[in-house]
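Reading through the structure tokens given below for one structure.
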Amino acid sequence: MSEEVLKSITGSAGHLSLNRPKALHALTLDMCHAMSAALAEWAGDDAVGAVILDHAEGRGFCAGGDIAFLRNSALNDGGVSGRKFFHDEYQLNHQMFTYEKSIVAFMDGITMGGGVGISQPAKYRIATENTRFAMPETGIGLFPDVGGGWYLSRLGGRMGQFLALTGARLDGAECLWAGIATHYLPSEKLEEAKSRIADKPGRISGILGELSDATPAARIGGNADKIAKHFASDRYEDILASLEADAEQNGSEWAAKERDTLGTKSPQTCKVALRHLAESANLTDFADNMRMEYRIASRVLTRPDFAEGVRAVITDKTNDPKWDPATPEGVSDELIDSIFAPLPDDEEWKPL
């Protein structure tokens, strides 16, 4: 077991704590393997009635995947090690999605990218006043993966498309409102919740209900109608035109803000995300979604926007990415088709 994942059994619950605080518990390949092995072990252990997933310390829960590792792969080994990372991470995502025992994920803090991938498969997803949820991949030339297509496409009111394109951050109350979280608890009650769940894993729903507090108003709810209107299309140019018209003709400050936000994102990634969610919405098997996401990841990893986006946003922090193609109009249907095309049979993703 990796020291970056702390594994224990307390009472009748298995307990996994992410333990990479200096990196906000961003997932490494070893962490994915450690979690997968623990889940496999506990699946056949009758003494384990449920699994608790949290972070050991710091501002967690999990800030994403190991982006520096992935960029290094894109630049130095043709994406070979990066594809291995995606392959095994997606196996963990699928393992959690199909896990027969209840998983309780405590999203107490930053929950982005890879953190979304390990929290959303959980039957119980706990948000707090510290939760900051986002899928910010359009800003670094990646795409909302780790099951993001499945989860975001199933949110109501085009909320998933809005989150995927803009990378907007939701707080805990907004996560509950949107259906991303199943419960909202004050952080001061989390240890009691974990202790009681470990004691009686068959009463998880009742325990969380008893400890849940009054939830603050969800600010994003006030913009729900605007989101549903402006993000209604699966064609990226239509969304941009809708925001532009509202901003220029009606003076909408909200539309202008979202238009300007989209102007900083990778046009390629935004078009990929919209098609990704549209196709995911029609799937009935989570494994098919992950197979599609692996195809996309295998291609975008080594396209120019990913290494450039990480450089500009994370490495150099200059926030001046030079996207290629530079405009939505420059991203052809043929390019998007090539990103979604099947891989050779021996390279396709397969669940554990």
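Side-chain atoms are counted along with the backbone in the values below, which use heavy atoms only and exclude waters and symmetry mates.
In the hydrophobic clustering, Ile52 connects to Val104, Phe106, Tyr124, Ile126, Leu185, Leu190, Ile197, Ile204, Ile207, Leu208, Leu211, either directly or through intervening members, whenever side-chain heavy atoms lie under 4.5 Å apart.
The side chain to side chain contact (heavy atoms under 4.5 Å, CB included) test with Phe162 is passed by exactly one of Asn223, Ile220, Ile239: Ile220.
You'll find the side chain of Trp42 reaches within 4.5 Å of the side chain of Ile9, heavy atoms only. The closest side-chain heavy-atom distance from Arg125 to Phe133 is not below 4.5 Å. Between Trp177 and Leu170, the closest side-chain pair of non-hydrogen atoms is not below 4.5 Å. You'll find the side chain of Glu4 stays beyond 4.5 Å of the side chain of Leu18, heavy atoms only. Residues Glu253 and Asp246 form no side-chain contact, since every pair of their non-hydrogen atoms from C-beta on lies 4.5 Å or further apart. The shortest side-chain heavy-atom distance between Lys7 and His15 does not fall under the 4.5 Å cut-off. Arg196 has its side chain out of reach of Lys189: every pair of non-hydrogen atoms, C-beta onward, lies at least 4.5 Å apart. A heavy-atom distance below 4.5 Å is found between the side chains of Met112 and Pro136.
Summarising the geometry, atom CD belonging to Glu279 is positioned 11.0 Å from atom OG belonging to Ser153; distances are rounded to the nearest 0.5 Å. Annotation: the span from Tyr151 atom OH to Phe97 atom CZ amounts to 5.5 Å, rounded to 0.5 Å. We find the CD-CG distance between Gln268 and Leu142 to be 10.0 Å, quoted to the nearest 0.5 Å. Rounding to the nearest 0.5 Å places OG of Ser252 at 11.5 Å from CD of Glu244. Here Trp150 contributes atom CH2 and Asp288 contributes atom CG; the two are 8.5 Å apart, rounded to the nearest 0.5 Å. Rounding to the nearest 0.5 Å places OG of Ser242 at 12.5 Å from CZ of Arg235.
For the residue pair Gly114 and Cys62, the shortest heavy atom distance occurs at C-SG, 4.1 Å. Of all heavy-atom pairs spanning Leu274 and Ser233, the tightest one is CD2-O, 4.1 Å. What you find for Ala273 and Ala164 is that their closest heavy atoms are CB-CB, 4.3 Å. Contact detail for His25 and Ala56: the closest heavy-atom pair is CE1-N, 4.2 Å. Here the closest non-hydrogen pair linking Gly82 and Ser73 is N-OG, 2.8 Å. Ala181 approaches Ala127 most closely through the heavy-atom pair CB-CB, 3.7 Å.
In this structure a side-chain-to-backbone donor-acceptor pair under 3.5 Å is present from Thr327 to Gly330. The main-chain N or O of Arg299 is never found under 3.5 Å from a side-chain atom of Arg83 such that the two would form a donor-acceptor pair.
In Asn250, the CG atom is crowded: over 12 heavy atoms of neighbouring residues, nucleotides or ligands sit closer than 6.0 Å. For Asn319, the CG atom counts as densely surrounded, since its 6.0 Å shell holds more than 12 non-hydrogen atoms of other residues, nucleotides or ligands. Remark: Arg59 CZ is loosely packed, at most 12 non-hydrogen atoms of other residues, nucleotides or ligands lying under 6.0 Å away. At most 12 non-hydrogen atoms from other residues, nucleotides or ligands lie less than 6.0 angstrom from NZ of Lys200.
Look at Arg132 and Glu174 and you find no salt bridge, because none of the NZ, NE, NH1 or NH2 atoms lies under 4.0 Å from a carboxylate O. Between Arg259 and Glu248 there is a salt bridge, with a side-chain nitrogen of the basic residue lying less than 4.0 Å from a carboxylate oxygen of the acidic one.
Under a hydrophobic-cluster definition in which Ile, Leu, Val, Met, Phe, Trp and Tyr are linked whenever side-chain heavy atoms come within less than 4.5 Å, directly or via other members, Leu75 and Ile140 are assigned to different clusters. Note on Met107: it does not cluster hydrophobically with Leu24, by side-chain heavy-atom contacts below 4.5 Å among ILVMFWY residues. Placement of Met292 and Phe85 within a single hydrophobic cluster is found when ILVMFWY residues are connected by side-chain heavy-atom separations under 4.5 Å, directly or transitively. Cluster membership for Leu352 and Leu92, using ILVMFWY side-chain heavy atoms within less than 4.5 angstrom, is not shared. A single hydrophobic cluster is seen to contain both Tyr236 and Phe143, as judged by linkage of ILVMFWY side chains at heavy-atom distances under 4.5 Å, directly or through other members.
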What verdict does the side-chain contact (heavy atoms from CB on, under 4.5 Å) test give for Leu53 and Met96, after you've listed the backbone C-alpha separation in whole Å, the side-chain angles of each residue and the deciding distance to 0.1 Å? CA-CA 11 Å; Leu53 176 61; Met96 296 180 73; 3.9 Å; yes
Evaluate side-chain contact (heavy atoms from CB on, under 4.5 Å) for Ile118 paired with Met35, printing each intermediate quantity in order. CA-CA 10 Å; Ile118 60 172; Met35 295 173 66; 4.1 Å; yes
For Leu163 and Ile180, what are the C-alpha separation, side-chain angles and deciding distance, and is it a side-chain contact (heavy atoms from CB on, under 4.5 Å)? CA-CA 12 Å; Leu163 295 175; Ile180 291 164; 4.1 Å; yes
Please determine whether salt bridge (charged side-chain N to carboxylate O under 4.0 Å, His left out) holds for the pair Lys84 and Asp88, giving the CA-CA distance in whole Å, both sets of side-chain angles, and the decisive distance to 0.1 Å. CA-CA 6 Å; Lys84 170 66 174 173; Asp88 292 5; 2.9 Å; yes
side-chain contact (heavy atoms from CB on, under 4.5 Å) between Leu343 and Trp349: does it pass, once the steps are laid out? CA-CA 9 Å; Leu343 293 164; Trp349 179 88; over 6 Å; no
Report the C-alpha separation of Lys265 and Glu137 in whole Å, then their side-chain angles, then the decisive distance to 0.1 Å, and conclude whether the salt bridge (charged side-chain N to carboxylate O under 4.0 Å, His left out) test is met. CA-CA 9 Å; Lys265 309 301 184 183; Glu137 289 82 4; over 6 Å; no
Applying salt bridge (charged side-chain N to carboxylate O under 4.0 Å, His left out), run through Asp171 and Arg169 and close with a yes or a no. CA-CA 7 Å; Asp171 63 25; Arg169 297 188 180 192; over 6 Å; no
Take Glu308 and Arg303 through the salt bridge (charged side-chain N to carboxylate O under 4.0 Å, His left out) test and state the conclusion after the steps. CA-CA 9 Å; Glu308 170 63 6; Arg303 284 198 52 77; over 6 Å; no
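Using cut-offs of 30° and 60° for the angle between ring planes, the His55 and Phe61 rings count as perpendicular. Between His94 and Phe286, the two ring planes are parallel [angle under 30°; tilted spans 30° to 60°].
Applying the salt bridge (Lys or Arg N to Asp or Glu O under 4.0 Å) rule to Lys194 yields the partners Asp54, Glu191; only residues at least two apart in sequence or on another chain are considered.
Side-chain atoms of Asn289 and Glu293 form a donor-acceptor pair, as typed in the model, at a separation below 3.5 Å. Between the side chains of Ser187 and Thr128, not a single donor N or O lies within less than 3.5 Å of an accepting N or O. Looking only at atom types and distance, the side chain of Tyr90 has a donor-acceptor partner in the side chain of Asp145 under 3.5 Å away. Side chain to side chain, Asp320 and Thr318 meet the donor-acceptor criterion of an N or O pair below 3.5 Å. Under the 3.5 Å distance criterion, with hydrogens and angles disregarded, no donor-acceptor pair is assigned to the side chains of Glu258 and Thr166.
Note that Arg275 lies in the cation-pi zone of Phe340, set by a 6.0 Å cut-off to the ring centre and a 45° limit from the axis.
Here salt bridge (Lys or Arg N to Asp or Glu O under 4.0 Å) pairs that include residues 341-352, with residues two or more places apart or in two chains, are Arg295-Glu348.
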